[in-house]
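What follows is a single structure, written as structure tokens, with notes after it.
Sequential numbering from 1 along the given sequence is applied to the chain's residues. What's counted below: heavy atoms across the whole structure, side chains too, no hydrogens, waters or symmetry copies.
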Amino acid sequence: MKLKVNGTELYYEVQGEGSPLLLLHGNGEDHTIFAPLAARLAAHYTVYSLDSRNHGRSARTTDISYEAMAGDMKGLVSALGLDRPAAVGFSDGAIIALMAQLDGPGLFSRMVLMGLNLSPADFVPEVFDELKRLYDERPDPLLGLMLTQPDIPLASLSGVEIPVLVVGAANDMFRQEVFIDVAATLPDSRLLIVDGHDHGSYILGNDMMYGPILEFLTE
């Protein structure tokens, strides 16, 4: 299905029944990364799997900022008449969910933030250097987005009053301190470090996070 929000046409799919749950993908991906996970969560929730602007089947725009995408999420929640859905975001999707909640307290009931960073400085240095090299060779705007944004002050997270599950990988492309600091600053948080995995291997195209996510959402 498609819905026009903030002048941008967004694509989303819906499955299941129950309380609303949004799934927000990462940079350069689309909603299909969550297919196995969405199928299982649909036994308990009405699952909305979204394509962010400039991704998947959603419209291409000149504004590729996280601020614009967070505004899209707020607009979509409003347009669909969703009452405080839960949000599960991976990588860029986690950034978008967090920024949307910070800008609109009361938007979500709970958040699962997987592979989150607050600024480009959170990259492991060698990963940042490699991304910069790739961008210099081929200036992809989505890659440029990761190299210049976001800029979320850690202290601002103290105002997030909903429960949050913070997830990072043991071999993530972001520094471990990021996940620890985020979880320590959020007033109501849980921290999960997934051993033996890199930034995306615990979420891309598999359902291994089904148990931890369902446990958190139903606690």
Measure up the [X] and [Y] rings against each other and bin them: parallel (under 30°), tilted (30 to 60°), perpendicular (over 60°).
X: Phe123; Y: Phe128; value: tilted
X: His197; Y: Tyr202; value: perpendicular
X: His55; Y: His25; value: tilted

Quick one: does [X]'s side chain get under 4.5 Å of [Y]'s, heavy atoms only?
X: Phe34; Y: Ile203; answer: yes
X: Asp92; Y: Ser52; answer: no
X: Leu145; Y: Met69; answer: yes
X: Val14; Y: Val47; answer: no
X: His44; Y: Leu217; answer: no
X: Glu67; Y: Asp103; answer: no
X: Pro85; Y: Val77; answer: yes
X: Leu147; Y: Pro120; answer: no

Could you walk me through whether Val127 and Leu131 satisfy the side-chain contact (heavy atoms from CB on, under 4.5 Å) test, starting with their C-alpha distance in whole Å, then the side-chain angles of each, then the deciding distance to 0.1 Å, before giving a yes or no? CA-CA 6 Å; Val127 173; Leu131 292 175; 4.2 Å; yes

When hydrophobic residues are tied together by side-chain contacts of less than 4.5 Å, even through go-betweens, does [X] share a cluster with [Y]?
X: Leu24; Y: Leu192; value: no
X: Leu98; Y: Ile64; value: yes
X: Ile193; Y: Met111; value: yes
X: Phe108; Y: Leu214; value: no
X: Val182; Y: Met146; value: yes

How far does [atom1] of [X] sit from [atom2] of [Y], to the nearest 0.5 angstrom?
X: Leu50; Y: Met73; atom1: CG; atom2: CE; result: 5.0 Å
X: Phe174; Y: Leu116; atom1: CZ; atom2: CG; result: 8.0 Å
X: Ile180; Y: Leu191; atom1: CD1; atom2: CG; result: 6.5 Å
X: Leu107; Y: Leu102; atom1: CG; atom2: CG; result: 10.5 Å
X: Leu113; Y: Leu186; atom1: CG; atom2: CG; result: 7.0 Å
X: Ser65; Y: Gln149; atom1: OG; atom2: CD; result: 5.5 Å

CA sep, side-chain torsions, deciding dist, call: Arg53, Asp63, side-chain contact (heavy atoms from CB on, under 4.5 Å): CA-CA 9 Å; Arg53 62 167 63 197; Asp63 188 349; 3.6 Å; yes

Does His31 have its ring centroid less than 6.0 Å away from the ring centroid of Tyr48? no

Hey, is Asp129 close enough to Arg133 for a salt bridge, meaning N to O under 4.0 Å? no

Can you list every pair that meets salt bridge (Lys or Arg N to Asp or Glu O under 4.0 Å) and has a residue in [range], with sequence neighbours left out?
range: residues 7-33; value: Lys2-Glu9
range: residues 200-216; value: Arg40-Asp207
range: residues 159-187; value: Asp122-Arg175, Arg175-Glu177

Please report the C-alpha distance between Asp140 and Leu134 in whole Å, then the side-chain angles of each, then the deciding distance to 0.1 Å, and finally whether the side-chain contact (heavy atoms from CB on, under 4.5 Å) criterion is met. CA-CA 9 Å; Asp140 182 342; Leu134 292 172; over 6 Å; no

Where do Leu22 and Leu82 land on the side-chain contact (heavy atoms from CB on, under 4.5 Å) test, with the steps shown first? CA-CA 10 Å; Leu22 304 179; Leu82 305 182; 3.9 Å; yes

Okay, side chain of Ser19, backbone of Tyr45: is any donor-acceptor separation there less than 3.5 Å? no

Checking the side chain of Gln101 only, and the main-chain atoms of Val160 only, is there a donor and an acceptor separated by less than 3.5 Å? no

Search all heavy atoms of Leu154 against all heavy atoms of Thr185 and return the closest pair with its distance. O-CG2, 3.3 Å

On the ring face of Phe216, is Arg190 found with NZ or CZ under 6.0 Å from the centre and within 45° of the axis? no

